[in-house]
Every structure is written in structure tokens, then in C-alpha cells.
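Below you'll find the structure, written out as C-alpha cells, and then a few comments.
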Amino acid sequence: MTARRRRVTAAVVLAVYLTCLVVALGAVTDVALVATFARAAASTIVGAARSVGLLTLSDGFVQALAVSAAVVPVLPLVALAVPRRHRGTAGGLAAGAVLVASIVVAVTTSGDASLSSGGAGAVGGRLASLLWAAAVGLTLGLLVARAAVVVGTPTPLGTPERKVRAGAIAAAVVYALVLASIAFTARPVDEGFGPTLQRGLDVLHSIGVPVWVDYSTVEFTANIALFVPLGVVVVLLVGLDRWWWGAVAGFVASATIELGQLVFLPGRFASADDVVANTTGAVIGALVGVVVLDVVHRLAAVRR
């Protein structure tokens with residue numbers, strides 16, 4: 001596929017995707033034509049996921065995750081649809097449009113307590129929630145776009161240099177020891193920390209942090225962060241051609257940990273949500289690893 005055809009295809013996909021987002025925006029902002037169907041579909045999907053042990057999180061956090069996930073493809077599609085010299089401007093305009101849309105949704109949506117923020121009022125709470133979710137989606141979208149450009153180059157960079165791999169091996173050993181000490185203790189490492197965390201969350205809620213940022217939200221986010229290093233290390237070990245091994249490694253490691261806790265550690269609680277969070281973290285880490293490895297290769301090329 002030529003570069004021109006690829007840009008045209010990406011532009012068409014972007015237009016279709018933005019149309020779908022506009023329709024979803026109409027559902028959120030109470031356009032009667034689509035609101036009932038869209039909300040019923042979302043409720044059915046979330047209910048089905050929870051029936052098998054997934055998305056056992058607060059409704060507000062699930063909605064924030066959905067917003068972030070919906071925003072992620074925007075910048076990668078813009079990067080594919082626009083010539084390189086115009087990507088910065090087009091990406092900035094797209095990001096601005098997403099943030100403006102978040103404000104519109106916050107102002108026009110009828111009261112939804114799940115997206116409200118403690119002490120900030122209904123509109124202020126929704127605005128804070130949506131802007132945070134949109135910002136996360138844009139950040140991840142920028143990471144995906146950058147990694148896609150690296151992986152899609154006509155001349156792949158191949159295997160990492162010996163020094164990079166040696167450093168990655170050392171980091172992998174340290175990470176494995178830390179992960180094992182967290183995952184295979186007889187009791188959860190955060191046991192007894194709940195009251196302290198709750199007091200901290202109460203303070204945050206009092207200054208406007210959304211009420212859906214609760215213990216389960218912190219735990220889910222921590223599980224994502226825990227597996228980001230795994231994705232990075234795997235990419236630094238195997239190179240760009242097999243960057244996706246980082247995501248696979250995250251899923252396999254997480255599933256193994258949860259199975260081990262289920263079978264051998266009665267004091268621990270195996271969770272499908274943990275597998276989802278850990279795998280997500282590994283995917284993010286793999287994308288970060290792609291960008292890091294590209295920077296390392298470029299710096300090495302300059303030194304030569």
C-alpha cells in the first residue's frame with residue numbers, strides 16, 4: 001500500500017470513528033433518538049462482564065475507562081491520515097476538540113452521580129472526571145501513535161545492542177524478584193493499609209477528586225503500573241520485530257500468578273480484573289519499550 005493510499009484509508013477510518021463518537025456523544029447528552037439504545041447496550045455489556053468477574057469496579061471508574069478507551073484511537077488515526085509536516089498541528093487540533101467535547105458533555109449531561117466529584121457539584125464533578133479520562137486517553141493515544149511510527153518504519157532496527165540487552169537482563173532479574181515477593185506472599189501486601197488509604201482518599205475527595213476514585217480504583221491502577229516494567233524489559237530483550245511479546249508475557253505472567261494464588265494461597269484472592277489490569281500495563285510497557293529502544297538506537301547512531 002502506497003503512502004497516499006494509506007493516508008486516505010486512515011482518513012476514512014478516522015471520519016467513520018469520529019462519526020461514531022458524535023453518535024455516542026448524542027447518547028450521553030440525552031439525544032432521545034440514540035440515548036435509550038446506547039445506554040441499554042452499555043448496561044448489558046457491563047452486566048455481562050460483571051457476571052463473569054470482570055469490571056467489578058465502581059460505575060464511575062468504568063465510565064472513565066470507557067471514555068479513555070474511546071479517545072485512544074484519535075491521535076494514532078490522525079498521525080496516519082496526515083502528512084508528517086502537519087501532524088503536530090493536526091494532533092493539537094484533535095486533542096483540543098476532544099477536550100472541548102468533554103466540556104460539552106459535562107455541561108449538557110443530566111445529573112449522573114457516578115461521574116460526580118465530591119464537594120465540587122454535579123457539573124464540576126463530571127467535568128473533572130471527563131477531563132481526566134480524556135487526558136489519559138490522549139496520552140495513551142500519543143504513545144500508540146509514536147510506537148506505531150517506529151514499528152512501521154521500512155527498515156526495522158532489529159535486535160537490541162549487547163549493552164541494552166545486558167541491562168535489560170539485570171532489570172528483569174530484579175523485577176522478577178520484586179514481582180514474586182508481591183504476588184506470592186501468604187497475605188496481600190496491602191493488608192491493613194485500607195484505613196490509611198481511605199483517609200487519604202477522603203482528603204482527595206474533599207478537594208474535588210472524583211468520588212469514584214476509591215480503593216478498587218487505586219488497586220486496579222496499581223496493578224496496571226506493576227506490569228509496565230515487564231513490557232519495557234521484554235521489548236529491550238527481544239527487539240522491535242517482536243515487541244508484542246511484551247503484551248503476551250504480561251498476560252501469561254498475570255494468569256500464572258492468579259492461578260497460583262487460587263490453587264496454593266487461600267489467603268489471596270484471584271481476580272480476572274487483575275489479569276486485565278496487568279495485561280494492560282504490559283501492553284503500555286511494551287509501547288514505552290518501543291519508544292525507548294528507538295531513542296537508544298538513534299543515540300547510538302549519532303555517536304557512531
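Residues: numbered from 1 along the sequence shown.
In this structure a side-chain-to-backbone donor-acceptor pair under 3.5 Å is missing from R7 to V82. Not a single donor-acceptor pair under 3.5 Å links the side chain of H205 to the backbone N or O of G200. Checked by atom type and distance alone, the side chain of Y215 never pairs as donor or acceptor with a backbone atom of L201 at under 3.5 Å. Side chain of R87 to main chain of A79: a donor-acceptor pair is present (N/O by atom type, distance under 3.5 Å, no hydrogens or angles). Between the side chain of D214 and the main chain of T217, a donor-acceptor pair closer than 3.5 Å is present. Between the side chain of R268 and the main chain of T185, a donor-acceptor pair closer than 3.5 Å is present.
For D273, the side chain to side chain donor-acceptor pair (under 3.5 Å) partners at least two apart in sequence or on another chain are T56.
Nearest heavy atoms, L131 versus S102: CD2-CB, 4.0 Å. Residues A133 and S68 share a closest heavy-atom pair of O-OG, 2.8 Å. Shortest non-hydrogen contact noted between A172 and V233 is CB-CG1, 3.5 Å. Nearest heavy-atom pair, A282 versus G246, reported as atom, atom and distance to 0.1 Å: CB-O, 3.5 Å. Here the closest non-hydrogen pair linking P76 and V144 is CG-CG1, 3.7 Å. For the pair A134 and V71, the tightest heavy-atom approach, listed with the atom from each and the gap, is O-CG1, 3.9 Å.
Hydrophobic clustering of Ile, Leu, Val, Met, Phe, Trp and Tyr side chains at less than 4.5 Å, counting indirect connections, unites V13 with V78. Both F184 and F227 sit in one connected hydrophobic cluster of ILVMFWY residues. Membership requires side-chain heavy atoms under 4.5 Å apart, directly or through other members. Grouping the Ile, Leu, Val, Met, Phe, Trp and Tyr side chains by contacts below 4.5 angstrom, directly or via other members, places W243 with I169. V235 and I224 fall within a single hydrophobic cluster, where Ile, Leu, Val, Met, Phe, Trp and Tyr side chains are chained together by heavy-atom contacts under 4.5 Å. One hydrophobic cluster holds both L204 and F193 under the rule that ILVMFWY side chains link at heavy-atom gaps under 4.5 Å.
Residues L138 and L142 fail the side-chain proximity criterion, which asks for heavy atoms closer than 4.5 Å. A 4.5 Å side-chain heavy-atom check between I257 and L179 finds at least one atom pair inside the cut-off. Inter-residue side-chain proximity for L57 and L65 is flagged as met; some heavy-atom pair is nearer than 4.5 Å. V74 has its side chain within reach of Y17: a pair of non-hydrogen atoms, C-beta onward, lies under 4.5 Å apart. Residues T196 and R199 meet the side-chain proximity criterion, which asks for heavy atoms closer than 4.5 Å. The shortest side-chain heavy-atom distance between V290 and D294 does not fall under the 4.5 Å cut-off. Taking the side chain as every heavy atom from C-beta outward, V238 and V234 approach each other to under 4.5 Å. For the pair V252/T256, a side-chain contact is recorded, criterion being any heavy-atom separation below 4.5 Å from C-beta on.
In this structure, OG1 on T280 lies 9.5 Å from CG on L140, to the nearest 0.5 angstrom. From L54, atom CG reaches atom OG of S271 across 8.0 Å, with rounding to the nearest 0.5 Å. Of the inter-residue distances, the one linking Q63 atom CD with D59 atom CG reads 6.5 Å to the nearest 0.5 angstrom. Between L265 atom CG and F269 atom CZ the span is 11.5 Å, to the nearest 0.5 Å. Note that the OG atom of S254 and the CG atom of L230 stand 10.0 Å from one another [nearest 0.5 Å]. Here the OG1 atom belonging to T279 is positioned 11.0 Å from the CD1 atom belonging to I284, to the nearest 0.5 angstrom.
Atom OH of Y175 has more than 12 heavy atoms from other residues, nucleotides or ligands within 6.0 Å.
Side chain to side chain, E219 and N223 fail the donor-acceptor criterion of an N or O pair below 3.5 Å. W212 and S129 share a side-chain donor-acceptor pair at under 3.5 Å.
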> How far apart are the C-alpha atoms of V46 and V62, what are their side-chain angles, what is the distance that settles it, and do they pass the side-chain contact (heavy atoms from CB on, under 4.5 Å) test?
Replying inline: CA-CA 9 Å; V46 172; V62 172; 4.1 Å; yes
